[in-house]
2 protein chains.
Amino acid sequence: MRAESLKGHLDGMILAVVGAAPAHGYAVIDELKRRSAGAFDLPEGTVYPALHRLEADGLLASSWATAGGRKRRVYRLTRRGRSALTRRRREWADFSHAVEGVLA
Amino acid sequence: MRAESLKGHLDGMILAVVGAAPAHGYAVIDELKRRSAGAFDLPEGTVYPALHRLEADGLLASSWATAGGRKRRVYRLTRRGRSALTRRRREWADFSHAVEGVLA
DNA sequence: CCTCATACCTCGTCATACTAGGCATCGGGT
DNA sequence: ACCCGATGCCTAGTATGACGAGGTATGAGG
């Protein structure tokens, strides 16, 4: 998978994953990989900064939890994140439709 | 249209446009706009560097032509460009399928 | 003439994915 | 007892690519 292809689309996908169920960073990475059938096997250096960015933008909120002696930062969607997700899905639909119109 | 969304996808679209018929820069911009129903109305500062990049990579070749007293650089696909286009279309199909799997 | 559309170009900026490192805990294998 | 892999978090720096802003030149129309 070309690295640049992802640009601008990762945030929406993270919102979709966290929107389905609150999750911590590692779980987000796993879920992105699972939902994409292995296509998106992203390094932590990609996902963690994106999570921080989304939280800074007020689209995600986080809290610490402990599971099996390990600390996890669990993210959930904020109300603004929910509407951002809706907008992102629509933008993806428009974008992919436009690309297909050109590539066809 | 979010600027970053385009990243990594523009090259394939330019190859598709030029692959349909040789074209000069302005015509590529017009055709991208037309095929995308106005979604991709790209500035010259985006398209010209992309054309140069593709030519430097050997995927496009150019020659000067004159039409109505104006000089145009007309691009055509090279053989390598043709196979790159095929590859890019497949990559787009894989990518969009993966994104839809995540967003759904 | 003067402006607009056509037609080309380049330089600097910005956003963002990734590389490469760092830290800590836990379980399993030797 | 010890090491290592997986889990789990983090950050600083790099590379890439789309874009904004600026430049040049020609031809047509008012």
Side-chain angles (χ1 to χ4, degrees), chain A residues 1-15 22-34 36 39-57 59-60 62-75 88 91 95 98-99 102, chain B residues 1-15 22-34 36 39-57 59-60 62-75 88 91 95 98-99 102:
Chain A
M1 186 68 61
R2 199 177 303 278
E4 305 83 57
S5 314
L6 198 57
K7 285 200 178 160
H9 303 290
L10 177 60
D11 287 12
M13 291 195 285
I14 291 178
L15 292 175
H24 64 288
Y26 241 64
V28 170
I29 291 174
D30 281 346
E31 185 66 6
L32 284 171
K33 185 174 177 183
R34 195 190 65 78
S36 68
F40 298 133
D41 193 3
L42 304 179
E44 302 167 39
T46 294
V47 175
Y48 283 118
L51 288 168
H52 300 163
R53 197 164 58 225
L54 290 167
E55 184 167 25
D57 290 346
L59 307 183
L60 296 181
S62 72
S63 52
W64 284 97
T66 307
R70 290 192 193 82
K71 306 244 284 182
R72 295 168 163 180
R73 187 190 284 277
V74 178
Y75 292 90
R88 291 298 199 130
E91 284 174 4
F95 175 76
V99 172
V102 175
Chain B
M1 186 68 62
R2 199 177 301 278
E4 296 80 26
S5 315
L6 199 58
K7 286 198 179 170
H9 304 289
L10 177 59
D11 287 13
M13 291 195 284
I14 290 178
L15 291 176
H24 63 288
Y26 240 63
V28 169
I29 290 174
D30 282 346
E31 185 65 7
L32 284 171
K33 185 175 178 183
R34 195 189 66 78
S36 67
F40 298 134
D41 192 2
L42 305 180
E44 302 167 39
T46 294
V47 175
Y48 284 117
L51 288 168
H52 300 163
R53 197 165 56 226
L54 291 166
E55 183 167 27
D57 290 346
L59 307 182
L60 295 182
S62 72
S63 52
W64 283 97
T66 307
R70 288 193 193 81
K71 306 244 283 182
R72 296 168 162 180
R73 187 189 284 278
V74 177
Y75 293 89
R88 290 299 198 127
E91 283 174 5
F95 175 77
V99 172
V102 175

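What you see below is based on every heavy atom in this structure, not just the backbone, and it leaves out hydrogens, waters and symmetry mates. By convention in this document, chain letters (A, B, ...) are assigned in the order of the sequence lines, proteins followed by strands, and residues within each chain are numbered from 1.
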What residues form a side chain to side chain contact (heavy atoms under 4.5 Å, CB included) with A/Ala3, not counting sequence neighbours?
-> none
End axis versus end axis in the helix from C/dC1-D/dG30 to C/dT30-D/dA1, the angle rounded to 10°, five pairs used at each terminus | 0°
For B/Leu6, the side chain to side chain contact (heavy atoms under 4.5 Å, CB included) test, sequence neighbours excluded, returns A/Phe95, B/Leu10, B/Met13, B/Phe40, B/Leu42
Does any pair with a residue in residues 47-56 of chain A pass side chain to side chain donor-acceptor pair (under 3.5 Å), and if so which ones, sequence neighbours excluded?
-> A/Asp11-A/Arg53, A/Glu55-A/Ser62
Figure out the CZ/C1' separation between A/Arg72 and D/dC10, and round it to whole Å.
-> 17 Å
Quickly work out the A/Trp64 CH2 to D/dG8 P distance and round it to whole Å.
-> 12 Å
Given DNA chain C, 5'-ward residue of the pair B/Pro49 and B/Asp30, judged by closest heavy atom = B/Asp30
If a protein heavy atom is under 4.0 Å from the base, mark B; if only from the sugar-phosphate, S; if neither, -; do that for nucleotides 23-30 of chain D going 5' to 3'.
-> ---BB---
Mind jotting down which residue pairs meet the salt bridge (Lys or Arg N to Asp or Glu O under 4.0 Å) criterion with at least one end in residues 65-74 of chain B? Sequence neighbours excluded, please.
-> none
The side chain to side chain donor-acceptor pair (under 3.5 Å) partners of B/Glu31 (sequence neighbours excluded) come to B/Arg34, B/Arg35
A/Tyr75 versus A/Val28: any side-chain heavy-atom pair under 4.5 Å?
-> no
Compare the minimum distances between each of D/dC9, C/dC9, C/dA7 and the side chain of A/Arg73, then state the nucleotide with the smallest one.
-> D/dC9
Whole-Å distance between D/dG20 C1' and B/Met1 CE?
-> 19 Å
Residues passing the salt bridge (charged side-chain N to carboxylate O under 4.0 Å, His left out) test with B/Glu91, sequence neighbours excluded, are A/Arg2
Just how far, in rounded Å, is P of D/dA21 from OH of B/Tyr48?
-> 18 Å
Rounded to the Å, how far apart are B/Asp41 CG and D/dG20 P?
-> 11 Å
Would you kindly give the NE2-to-C1' distance between B/His52 and C/dC9, to the nearest whole Å?
-> 7 Å
Kindly write out the residues that satisfy side chain to side chain contact (heavy atoms under 4.5 Å, CB included) with A/Ala65, not counting sequence neighbours, or none if the list is empty.
-> A/Val74
Tell me, do B/Leu60 and B/Leu15 make a side-chain contact under 4.5 Å, heavy atoms counted?
-> yes
Table of protein N/O atoms under 3.5 Å from nucleotides 12-17 of chain C N/O atoms:
from   : atom 1 : to      : atom 2 : distance (Å)
C/dT16 : O2     : A/Lys7  : NZ     : 3.2
C/dA17 : OP1    : A/Gly8  : N      : 3.1
C/dA17 : OP2    : A/Arg53 : NH2    : 2.8

The nucleotide from C/dA7, D/dG8, D/dC10 with an atom nearest the side chain of A/Tyr26 is D/dG8
Between atom CG in B/Leu32 and atom P in D/dC19, what is the gap in whole Å?
-> 11 Å
Check salt bridge (charged side-chain N to carboxylate O under 4.0 Å, His left out) between B/Asp41 and all other residues, then give those that pass, not counting sequence neighbours.
-> B/Lys33
Would you kindly give the CE-to-C1' distance between B/Met13 and D/dG17, to the nearest whole Å?
-> 13 Å
Taking only residues two or more places apart in sequence, or in another chain, which ones meet A/Ala39 in a side chain to side chain contact (heavy atoms under 4.5 Å, CB included)?
-> A/Met1, A/Ser36, B/Ala98
